Number of protein chains: 2
Amino acid sequence: MKPKIDDVARLAGVSPTTVSRVLNDRGYISNETKEKVQDAMAKLNYFPNDIARSLYTKRSNLLGIIMPTTSNPFFGELTFHLESICASLGYKVLLCNSLNQKDKEKKYLDMLMRNQVDGIIVGTHNLGILNYQKQNLAVVSIDRYLSETIPVVSSDNYEGGKLATELLVRKSCEHIVLIDGVKEIEKSYLRREAYIDTLDKIGKTPIIYEIPEVFNVQSQQEIIENIFSEHPEVDGVFATNDIFAASFITAAKRYGKKIPEDIKVIGYDGTETVRTVLPDLTTIRQPIEMIAKEAINILLKEIEGEFTDPLHETKLPISLIEGSTT
Amino acid sequence: MKPKIDDVARLAGVSPTTVSRVLNDRGYISNETKEKVQDAMAKLNYFPNDIARSLYTKRSNLLGIIMPTTSNPFFGELTFHLESICASLGYKVLLCNSLNQKDKEKKYLDMLMRNQVDGIIVGTHNLGILNYQKQNLAVVSIDRYLSETIPVVSSDNYEGGKLATELLVRKSCEHIVLIDGVKEIEKSYLRREAYIDTLDKIGKTPIIYEIPEVFNVQSQQEIIENIFSEHPEVDGVFATNDIFAASFITAAKRYGKKIPEDIKVIGYDGTETVRTVLPDLTTIRQPIEMIAKEAINILLKEIEGEFTDPLHETKLPISLIEGSTT
DNA sequence: CTGAAAGCGCTTACAG
DNA sequence: CTGAAAGCGCTTACAG
């Protein structure tokens with residue numbers, strides 16, 4: 001059916017070896033034979049079979065990307081940048097949306113192993129899973145501490161949390177609430193830590209609301225509404241992502257609160273999407289493209305075996321974008 | 001390095017054939033040998049090599065997904081659903097972000113062919129490219145007419161455009177502007193057609209603004225600002241996606257226009273993200289998950305060779321979500 | 001119920 | 001400058 005290297009060889013009147021040579025531009029071949037082969041390939045509309053190739057070379061040029069979900073703008077944009085950079089470097093991307101579910105992550109991981117990926121980029125937050133089978137598999141994590149041997153690329157979460165909280169303090173907020181994801185074991189929740197530390201320094205008590213999953217709009221709303229009954233005095237909100245911030249603003253409006261007059265709100269992430277759809281939102285912008293670049297950079301070094309520091313952690317700079325919600 | 005089937009066979013004291021049998025649960029094997037083999041696999045932490053497998057079976061179980069960019073919430077969510085469904089069916093996804101650039105699409109297409117994908121899902125809009133090499137490759141398109149032989153899955157764009165325009169008319173808008181993407185050759189711009197037809201019916205003249213690329217925020221803003229100088233009488237806007245709608249609302253605020261009092265605005269798509277971040281926006285919601293399901297459904301039929309109607313076109317129902325911008 | 005052999009479509013030493 | 005042969009890690013008729 002599909003033409004293979006033998007078909008090309010026969011048509012060009014050379015050996016399969018020679019065809020392979022012109023395919024890979026390897027060893028010496030006369031221009032004459034080269035042209036004959038190329039003509040034959042064009043005539044047959046020949047495509048080399050990368051599967052056969054990687055079986056021999058043991059290099060798939062395949063990278064796995066495990067994200068919670070590309071539905072979320074942060075991960076959607078991150079995935080876009082990761083894939084684009086991979087493509088420009090000749091790597092192909094196997095996409096996995098784990099929804100942060102442990103069983104799915106495990107399945108995906110198995111799948112990626114079976115498919116002989118050269119490396120994996122993880123943006124998901126389950127722990128321990130990676131360890132037991134990390135048999136010389138190159139892995140890089142984005143924003144999550146997964147294990148001692150996996151390098152982490154993130155933006156400066158502590159600094160971001162500090163900037164956000166300090167802004168609210170500077171704007172004279174007296175009762176600053178943090179809306180965060182659920183605190184997991186072993187994870188360094190730096191944004192939250194910075195919030196706590198900053199309030200501590202001026203003798204204020206943290207008020208923290210945890211939202212179980214970014215991806216369930218219902219429960220998100222309910223928890224946020226609790227803020228108004230439990231802490232009606234709230235006049236400042238730091239949400240650790242823009243989606244939480246937007247949800248809070250929606251709820252606040254329903255409760256007749258004016259933003260920023262009654263309550264000041266700052267989010268986190270600063271994705272293109274949210275900055276276009278809700279340009280008023282004050283937020284801490286993460287350098288998403290830079291994070292993607294750095295993650296791939298490190299992963300490729302691991303793949304090439306150049307990487308030696310397993311405790312490596314990269315912190316990229318964030319920036320404050322002031323809108324009109326503060 | 002990595003254990004292979006021979007290693008498992010040796011440790012279990014059987015032939016590679018037998019190992020393959022328990023791997024694929026195929027043919028008769030005694031429970032005893034089965035257990036021996038499974039023990040050996042566990043002991044060696046063996047993962048079958050899917051690359052070798054698909055070289056023989058000529059089935060990669062790989063699907064290509066070509067989208068403009070997962071940064072855009074519509075395509076981000078679509079990609080999430082597509083990939084999730086694929087995973088649940090045992091298919092793996094090779095992700096491609098083409099940014100609608102012809103050269104990139106061509107490269108991605110070549111890559112997918114070389115990787116022996118079983119099929120391709122296309123959400124990108126370049127034409128003609130697919131034809132010349134569509135040698136029995138299963139393809140399904142989402143929302144774009146690509147060629148006569150490629151089935152299209154979309155929501156009911158004409159009905160959506162009609163609903164949107166009629167709503168504005170019903171709300172007594174006199175000067176309704178359409179903000180749309182650039183009109184391409186050969187493409188049936190049904191949302192636009194519905195807008196034109198609906199205005200026609202009541203004797204109004206269409207006013208259309210075209211925005212070259214969804215993905216360039218700068219030029220988007222400039223073109224939208226032109227509306228206010230060229231058509232200051234505008235009191236209704238139908239944007240063919242929510243991002244355009246949001247951009248217009250931002251610009252309108254800057255020009256001191258009140259939404260919906262001065263100008264009513266309706267968008268299109270109704271993604272989870274935009275409905276969370278900007279819940280006030282009136283929009284036409286596309287059934288994204290259903291689109292994904294149907295596309296995969298059709299693609300799998302093509303792959304199985306069951307598909308016979310190349311002119312196939314699926315139109316899924318849309319729904320109007322009224323917020324407070326109309 | 002189990003195994004030896006051939007083959008999937010490539011690539012790469014090794015000869016010449 | 002070019003080719004024959006072996007092998008990448010599997011699977012599958014075909015025997016037994």
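Worth saying up front: this structure is predicted, and the values here are computed from it rather than measured. Note: hydrogens, waters and symmetry copies are ignored here, and every other heavy atom, side chains too, is used. Convention: sequence-line order gives letters A, B, ...; per-chain numbering from 1.
- When only modelled atom types and interatomic distance are considered, B/T17 and B/S20 share no side-chain donor-acceptor pair under 3.5 Å.
- For the pair B/K4 NZ and D/dT11 P, the computed distance is 14 Å after rounding to whole Å.
- For A/D25 and C/dT11, the CG to P distance is 12 Å, given to the nearest whole Å.
- Distance A/N115 CG to D/dG9 P: 16 Å, rounded to the nearest Å.
- Ion pairing of A/R114 with A/D110 is absent here, as no side-chain N (NZ or NE/NH1/NH2) approaches a carboxylate O to less than 4.0 Å.
- Across all strands shown, C/dG16 forms a Watson-Crick or G-U wobble pair, both distances under 3.5 Å, with D/dC1.
- A salt bridge links A/D7 with A/R10; the closest basic N to acidic carboxylate O contact falls under 4.0 Å.
- Atom CG of A/D6 is separated from atom P of D/dG3 by 13 Å (rounded to the nearest Å).
- Taking side-chain N and O atoms only, A/T33 has a distance below 4.0 Å to OP1 or OP2 of D/dT2.
- Across the interface with DNA chain D, nearest-nucleotide mapping of B/L55 and B/T17 shows B/L55 to be the residue nearer the 5′ end.
- No option in B/K58, B/K92, B/R59 other than B/R59 meets the salt bridge (Lys or Arg N to Asp or Glu O under 4.0 Å) test with B/D118.
- You'll find that the side chain of A/R53 is closest to C/dC10, out of C/dC10, D/dC10, D/dG3.
- Rounded to whole Å, atom C1' of C/dT12 lies 9 Å from atom CZ of A/R21.
- One atom, CG of B/N24, and another, C1' of D/dA13, lie 14 Å apart when rounded to the nearest Å.
- The nucleotide whose nearest atom lies closest to any side-chain atom of A/A52 is, among D/dC10, C/dG3, C/dC10, C/dC10.
- A straight line from CZ of A/R114 to C1' of D/dG9 spans 15 Å, rounded to a whole angstrom.
- Here B/K58 reaches the OP1 or OP2 of C/dG9: one of its side-chain N or O atoms lies under 4.0 Å away.
- Comparing A/V19 and B/G13 by the nucleotide of DNA chain C that holds the closest heavy atom to each, the one mapping nearer the 5' end is B/G13.
- Residue B/N61 contributes atom CG, which lies 20 Å from atom P of C/dC8 at whole-angstrom precision.
- Side-chain atoms of A/N49 lie closest to C/dC10 of the nucleotides C/dC10, D/dG9, C/dT12.
- Counting any heavy atom pair closer than 4.0 Å across all strands shown, A/S20 reaches a base atom.
- Neither OP1 nor OP2 of D/dC8 sits under 4.0 Å from any side-chain N or O of B/Y56.
- Residues A/I5 and A/L23 approach most closely at CD1-CD2, 4.0 Å, considering heavy atoms.
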